[in-house]
Chemist: 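Here it is: the structure, laid out below.
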Amino acid sequence: MSFFDFFSSLDQKEIVDRVYAKYDQTYLLTLINKESLHYYDFLALLSPSAESVLNEMAIKSQFITKKFFGNTMLLYVPLYLSNECSNACLYCGFNKNANIIRRTLSLKEIEQEILFLKEKGFDHILLLTGEYPSVAGIDYLEEAISLTKKYFSSISLEVFPSTEAKYKQLVDAGATGLTLYQETYHLPTYKLVHLSGPKTNFAFRLNAPEEALAAGFRKVGLGALLGLTDWRFDSAFVGSHAKYLMNKFWKSDVSISFPRLRHTPSSLPLIFTVSDKNLVQMILAFRLFLPSSALTLSTRESAELRDNLMGLCITQMSAESKTNPGGYTSNLSTEQFSTDDNRSLKKIISCLNKKGLDPILKDWSNHFQGFNQEPA
Ligand code: SF4
């Protein structure tokens, strides 16, 4: 049974009813104090009623985060390789109908960016593309990964959905992680915002994280693009997706990210506001439900919010992000979105240190994958 089959078998009405049921405080406090949470407990913590116990959720989250991750914060940097795309996602600046400056980096240009980022001290890198297989497909990525692994210990990807066989090519080349946001688990909304291109295939995308783990990726990242639909609905299904994968691929890591729409494109038919308070409740509920999962907050969010969530529940953060291909060493293409926290890596490290947290730049070596990393 694939995740799409499992997802199709879920009673969505029952799940929504549980998320919107009224829970009294005493009951919610009992859930927060449980050793491990059932899926239905997680749904209760996503509920509007649970807004009254956010402090208690935060205290328990901090305890759990310290228990499973110590004082660590993993820092990574994204590197956009291409902004070509054959999809028409209404919320994205790279969509095929956007009149922007398109660019796909050559190997020489990738190396230039890599050297710049390595010099800053990064050792975990996230390589990103749009979905345009004839220009930046599997073979292109394979070459990019082979080059990157000479300099970086850990390479993750945020690319297009694919099959186990094709993902295996990327694992064999040296990639360790794949992040793939479903964007939304609400099918009518999904259809409304994905007008054309391969991304219109909801089921193929939904099954791709499973294909990636079957191919040998060590970790996958899930998430919904917050703002497309009711965040409580999407969180409920991100949670079920994560649990499904963790049960099936128990040796692998499943992490969750919380990308929130930064701007409201006029083309979007509807926007569901996700306030800071909503975002915090969501992240805390995930921490209590998935105690050992890495939780990621990117530079889309403000420095203030990121600082407040350090040590509480978030365990991975990006830094110094540019969202246009070649953006670190030149400025010859259009960005996907603008970031909010634009502090340098040094400043983020200093902030972590002040809070008694340990910035982690390296927690993996590709020697473990059988590669000999050449000294950079
Ligand atoms: S979200 Fe991804 S697939 Fe959609 S238009 Fe943007 S880059 Fe392409």
Side-chain angles (χ1 to χ4, degrees), residues 78-105 110 126-138 140-141 144 156-163 166-167 170 177-209 211-212 220-229 234 238 257-272 274 296 298-300 318 321-327 332-339:
L79 173 57
Y80 280 69
L81 302 179
S82 173
N83 60 2
E84 300 276 359
C85 199
S86 52
N87 288 310
C89 311
L90 286 185
Y91 47 82
C92 176
F94 289 171
N95 88 72
K96 68 177 182 185
N97 300 317
N99 186 16
I100 60 166
I101 306 165
R102 306 273 175 185
R103 197 171 167 202
T104 297
L105 301 186
I110 294 172
L126 176 69
L127 304 179
L128 300 95
T129 65
E131 185 163 7
Y132 204 85
S134 61
V135 176
I138 295 288
Y140 169 82
L141 279 171
S156 292
L157 308 174
E158 194 175 315
V159 296
F160 42 86
S162 195
T163 58
K166 288 189 176 164
Y167 276 152
L170 306 182
L178 177 87
T179 293
L180 193 77
Y181 303 137
Q182 184 61 23
E183 318 294 12
T184 176
Y185 290 73
H186 187 248
L187 186 56
T189 303
Y190 190 93
K191 287 182 173 168
L192 207 62
V193 298
H194 299 111
L195 298 181
S196 64
K199 199 162 170 178
T200 50
N201 191 336
F202 179 83
F204 188 63
R205 192 171 186 87
L206 203 58
N207 283 335
E211 295 286 313
V220 296
L222 305 178
L225 183 57
L226 304 169
L228 292 183
T229 193
D234 269 340
V238 171
S257 300
F258 305 91
R260 189 159 54 154
L261 263 179
R262 288 266 298 133
H263 299 293
T264 312
S266 53
S267 50
L268 269 185
L270 268 178
I271 285 288
F272 291 78
V274 183
T296 307
S298 79
T299 51
R300 283 174 185 260
S318 49
S321 310
K322 300 279 184 199
T323 68
N324 54 328
L332 301 173
S333 62
T334 308
E335 61 183 11
Q336 189 181 30
F337 56 87
S338 61
T339 53

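Start at 1 and go down the list; that is how both ligands and their atoms are numbered. The figures here come from the full heavy-atom set of this structure, side chains too, leaving out hydrogens, waters and symmetry mates.
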Chemist: For atom 4 (Fe) of ligand 1, what's the nearest protein heavy atom and its distance?
Modeler: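 For atom 4 (Fe) of ligand 1, the nearest protein heavy atom is Cys89 SG, 2.2 Å.
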
Chemist: Quick one: look up the protein heavy atom nearest atom 3 (S) of ligand 1 and list residue, atom name and how far away it is.
Modeler: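 I find the closest protein heavy atom is Asn87 ND2, 3.4 Å.
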
Chemist: Using 2.8 Å as a strict upper limit, say whether an N, O or S atom of Cys92 approaches atom 6 (Fe) of ligand 1 that closely.
Modeler: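 A backbone or side-chain N, O or S atom of Cys92 is under 2.8 Å from atom 6 (Fe) of ligand 1.
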
Chemist: Please confirm whether the backbone N or O of Leu226 pairs with a side-chain atom of Asp234, one donor and one acceptor, at under 3.5 Å?
Modeler: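 Absent.
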
Chemist: Among all protein non-hydrogen atoms, which one is nearest to atom 2 (Fe) of ligand 1, and what is the separation to 0.1 Å?
Modeler: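 Going atom by atom, the protein heavy atom closest to atom 2 (Fe) of ligand 1 ends up being Lys199 NZ, 4.0 Å.
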
Chemist: So, Thr339 versus Thr299: side-chain donor-acceptor pair below 3.5 Å or not?
Modeler: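 Distance-only check fails for Thr339 and Thr299.
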
Chemist: Nearest non-hydrogen contact with atom 8 (Fe) of ligand 1 belongs to which option: Pro198, Ser86, Ala88, Cys85?
Modeler: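 When every heavy atom of Pro198, Ser86, Ala88, Cys85 is considered, Cys85 comes closest to atom 8 (Fe) of ligand 1.
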
Chemist: Go through it in stages, so that I can follow the logic: the residues are Thr129 and Ser82, the test is side-chain hydrogen bond (donor to acceptor under 3.5 Å, both in side chains), and I'd like the CA-CA distance, side-chain angles, deciding distance and then a yes or no.
Modeler: CA-CA 5 Å; Thr129 65; Ser82 173; over 6 Å; no

Chemist: Can we call the ring centroids of His194 and Tyr91 under 6.0 Å apart?
Modeler: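 His194 vs Tyr91: aromatic centres under 6.0 Å.
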
Chemist: So does Thr334 get a backbone contact from the side chain of Arg103, meaning a donor-acceptor N/O pair under 3.5 Å?
Modeler: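 No: the side chain of Arg103 does not pair with the backbone of Thr334.
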
Chemist: Hey, which atoms in ligand 1 end up nearer than 4.0 Å to a heavy atom of Gly130?
Modeler: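 Going through ligand 1 atom by atom, the ones under 4.0 Å from Gly130 are 7 (S).
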
Chemist: Test your reading of the model: is there a side-chain donor-acceptor pair from Ser298 to the backbone of Arg300, 3.5 Å cut-off?
Modeler: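 Yes: the side chain of Ser298 pairs with the backbone of Arg300.
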
Chemist: For Asn95, take its heavy atoms, then give the atoms of ligand 1 lying under 4.0 Å from any of them.
Modeler: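 Heavy-atom distances to Asn95 below 4.0 Å select 5 (S).
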
